[in-house]
Each structure stands twice: as C-alpha cells, then as structure tokens.
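One structure below.
Values below: every heavy atom of this structure, side chains too, minus hydrogens, waters and symmetry copies.
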Amino acid sequence: MAKIIRIHPDNPQENLIDEVVKTLNSGGLIIYPSDTVYALGCNIFDIRAMERLAAIKKIKLAKAQFSIICNDLGHLSTFTRPIDTPVFRFLKSKIPGPFTFILEAGKSLPLAYKGNKTVGIRVPDHAIPQMIVEKLGHPIASTSVKDEDEVIEYSTDPELIAEKFGNLVDIVIDSGFGDNVASTIIDLTSGEPEIIRQGKGEL
C-alpha cells in the first residue's frame, strides 16, 4: 500500500518533500495535489516509472501524452523547440496557473517522449509540486487522477484516492480536498493560443 503523507498546501514541510523526492529518484510513483485536480507523477527520466504510469492509465507508453510539470520556464529549451518572443511573453503572463500548454517538442526529450511532435508543459500554481520539481532538479511526468464515474470525473478526496490507487503508487500526498476541474489546454504550436479544452483557467 502507498504511504499517505500529509503536507501543508501553502507551507510544505521540507523533510516530507525530501521523502517524496527520494521516492521519485528510486523509481516510485506519487499522487500529488495541484492548483486543479490531484495527479499521478513520476521521474521523467526513469523509463520503468514511466511504464508504470502508462500501465495505470491502461495505455502503451509510446502513445502516452503525459504532461511535463515544471516549476518555471527554465526547462523549456530542454523539452521544446525555440519559442518566439510573443509566445514566451504569453507563457510568462499565464504561469504559474491552471494551464497546460502544447508546444513543439525539442530534440532533447527524455527517452519516453522520443518521437513526440508536441509536448504539454504545465507550471501549477501550487507550492507542493513546485517544491518537488525544485528539489528533484528537473520536471516530473504527470497525468490527472481520473475517476471512472461519468458524473464525478475527478476525485477530490485524497483519502478516497488513496483507497483506489494505494496498490498502484508509492506515495499519496494529502494536502486537503482538491478541485474537480482540470486545467485548460492551450495549443501554441501555431504561434497563436488555441483552446483545446476549456478547464479551470480563463484566458
């Protein structure tokens, strides 16, 4: 069973974040809060962890479109093609926030993303994922915790999430109830923002 760790959403306890980072570095999977819904995450450079993440979503890793969670825009040059100044300014005006930005993939992607023409970049406005990425030293791969209930699309109670996914992940971070509205997905590959999915974020 996953270990449930209670972390303060605004002032995360550093020793507990260190424990989460250690788990990620050893190939573990986590469930963590964000500024939208709770999400599954793993070390983006650990291919076995990425395969575990894909297995939970019941898809092949080659077809997975996992978001890349950053704590700022410093990793863009690693994961995306060069970005025009207007697009970069637009990104800066919207992060951190409840948005996932689709950008053209760069050539230095981690192994699990090789062959992808685009990548989804996200910078949540939440202290816990930001601190995790900062201490880890690089982004994490992520996907929303979806509920199989057609009415309740996203689970908000971390205890219920732990019951459902406890045998599949290593740590569940409990920072209180989450939201039930996912991020807004914005395609920037043409240079102009195009909303692919309207979620919590408003342009």
Side-chain angles (χ1 to χ4, degrees), residues 1-46 48-58 64 66-72 74-75 95-100 120-149 151-184 199-201:
M1 284 293 291
K3 182 176 182 180
I4 299 176
I5 300 179
R6 289 177 173 82
I7 301 181
H8 195 282
D10 301 316
N11 299 293
Q13 302 92 315
E14 190 168 355
N15 63 312
L16 298 180
I17 296 294
D18 287 340
E19 184 176 348
V20 172
V21 168
K22 184 178 179 181
T23 297
L24 289 169
N25 276 326
S26 62
L29 268 59
I30 65 169
I31 289 177
Y32 68 94
S34 74
D35 55 349
T36 56
V37 299
Y38 270 86
L40 292 146
C42 73
N43 186 337
I44 202 168
F45 293 107
D46 190 316
R48 289 185 179 180
M50 295 288 289
E51 287 170 346
R52 284 180 62 194
L53 195 61
I56 290 175
K57 301 296 283 189
K58 298 178 181 178
F66 297 137
S67 297
I68 297 174
I69 305 299
C70 306
N71 63 338
D72 56 34
H75 293 99
I95 65 107
F99 302 97
T100 300
I121 302 290
R122 179 143 151 64
V123 183
D125 188 12
H126 197 292
I128 290 175
Q130 286 194 17
M131 188 178 286
I132 289 171
V133 170
E134 181 182 354
K135 282 186 164 287
L136 187 64
H138 57 75
I140 60 174
S142 182
T143 182
S144 299
V145 172
K146 291 269 266 184
D147 200 297
E148 293 171 1
D149 190 314
V151 177
I152 306 171
E153 193 172 6
Y154 298 98
S155 298
T156 61
D157 187 338
E159 291 189 6
L160 294 178
I161 292 171
E163 285 182 16
K164 181 176 180 180
F165 291 93
N167 291 322
L168 301 172
V169 302
D170 301 279
I171 285 178
V172 175
I173 297 174
D174 179 351
S175 71
F177 280 85
D179 206 332
N180 63 352
V181 181
S183 66
T184 292
K200 187 176 178 180

**Message:** For the CD1 atom of Ile140 and the CG atom of Asn71, what is their distance to the nearest 0.5 Å?
**Reply:** 10.5 Å
**Request:** Could you check Val133, Ile69, Ile95 and say which one makes a side-chain contact (heavy atoms from CB on, under 4.5 Å) with Pro124?
**Result:** Ile69
Identify all side-chain donor-acceptor contacts of residues 30-41 below 3.5 Å with residues at least two apart in sequence or on another chain.
from, atom 1, to, atom 2, distance (Å)
Tyr32, OH, Ser142, OG, 2.6
Ser34, OG, Thr36, N, 3.0
Ser34, OG, Thr36, OG1, 3.1
Ser34, OG, Val37, N, 3.4
Ser34, OG, Val37, O, 2.7
Ser34, OG, Arg122, NH2, 3.4
Asp35, OD1, Arg122, NH1, 3.3
Asp35, OD1, Arg122, NH2, 2.6
Asp35, OD2, Asp125, N, 2.9
Thr36, OG1, Arg122, NH2, 3.0
Tyr38, OH, Ser175, N, 3.1
Tyr38, OH, Gly176, O, 2.6

**Asked** How far apart are the C-alpha atoms of Glu159 and Arg6, what are their side-chain angles, what is the distance that settles it, and do they pass the salt bridge (charged side-chain N to carboxylate O under 4.0 Å, His left out) test?
**Response** CA-CA 11 Å; Glu159 291 189 6; Arg6 289 177 173 82; 3.7 Å; yes
**Request:** For Asp179, enumerate each residue passing the side chain to side chain contact (heavy atoms under 4.5 Å, CB included) test, keeping only those at least two apart in sequence or located in another chain.
**Result:** Val181, Lys200
**Message:** According to side-chain hydrogen bond (donor to acceptor under 3.5 Å, both in side chains), who are the partners of Thr184, at least two apart in sequence or on a separate chain?
**Reply:** Gln198
**Message:** Taking side chain to side chain contact (heavy atoms under 4.5 Å, CB included) as the definition, give me every residue that meets it alongside Glu51, ordered by chain and number, with sequence neighbours left out.
**Reply:** Ile47, Arg48, Leu61
**Asked** Where do Cys70 and His75 come nearest, in terms of heavy atoms and distance?
**Response** SG-CB, 4.4 Å
**Asked** Between Ala141 and Ile44, what is the shortest heavy-atom contact and its length?
**Response** N-CB, 4.0 Å
**Prompt:** So, Arg52 side chain and Gly28 main chain: donor-acceptor pair closer than 3.5 Å or not?
**Reply:** no
**Prompt:** Ignoring hydrogens and geometry, is there a side-chain-to-backbone donor-acceptor pair from Asp170 to Leu29 under 3.5 Å?
**Reply:** yes
**Request:** Answer yes or no: is there a side-chain heavy-atom contact under 4.5 Å between Leu160 and Glu163?
**Result:** yes
**Request:** Sequence neighbours left out, what passes side chain to side chain contact (heavy atoms under 4.5 Å, CB included) with Gln13? Give chain and number order.
**Result:** Ile7, His8, Asn15, Leu16
**Message:** What's the separation between atom CG in Asn180 and atom OG1 in Thr156, rounded to the nearest 0.5 Å?
**Reply:** 6.5 Å
**Crowding at NZ, Lys3 (>12 non-hydrogen neighbours, <6.0 Å)** = no
**Distance in Å, Asp18 CG paired with Leu136 CG, rounded so as to fall on 0.5 Å steps** = 11.0 Å
**Asked** Among all residues two or more places apart in sequence or in another chain, which pass the ring pair (Phe, Tyr, Trp, His ring centres under 6.0 Å) test with Phe45?
**Response** His138
**Asked** For Ala2 and Val172, which heavy atoms make the closest approach, and how far apart are they?
**Response** CB-CG2, 4.0 Å
**Message:** Quick check for you: to the nearest 0.5 Å, what is the distance between Met131 atom CE and Asn11 atom CG?
**Reply:** 8.5 Å
**Complete:** Distance col, row Ile5:CD1 vs Ile173:CD1, nearest 0.5 angstrom, shows 6.5 Å
**Item:** Separation of Ile56 CD1 from Leu168 CG (nearest 0.5 Å)
**Value:** 5.0 Å
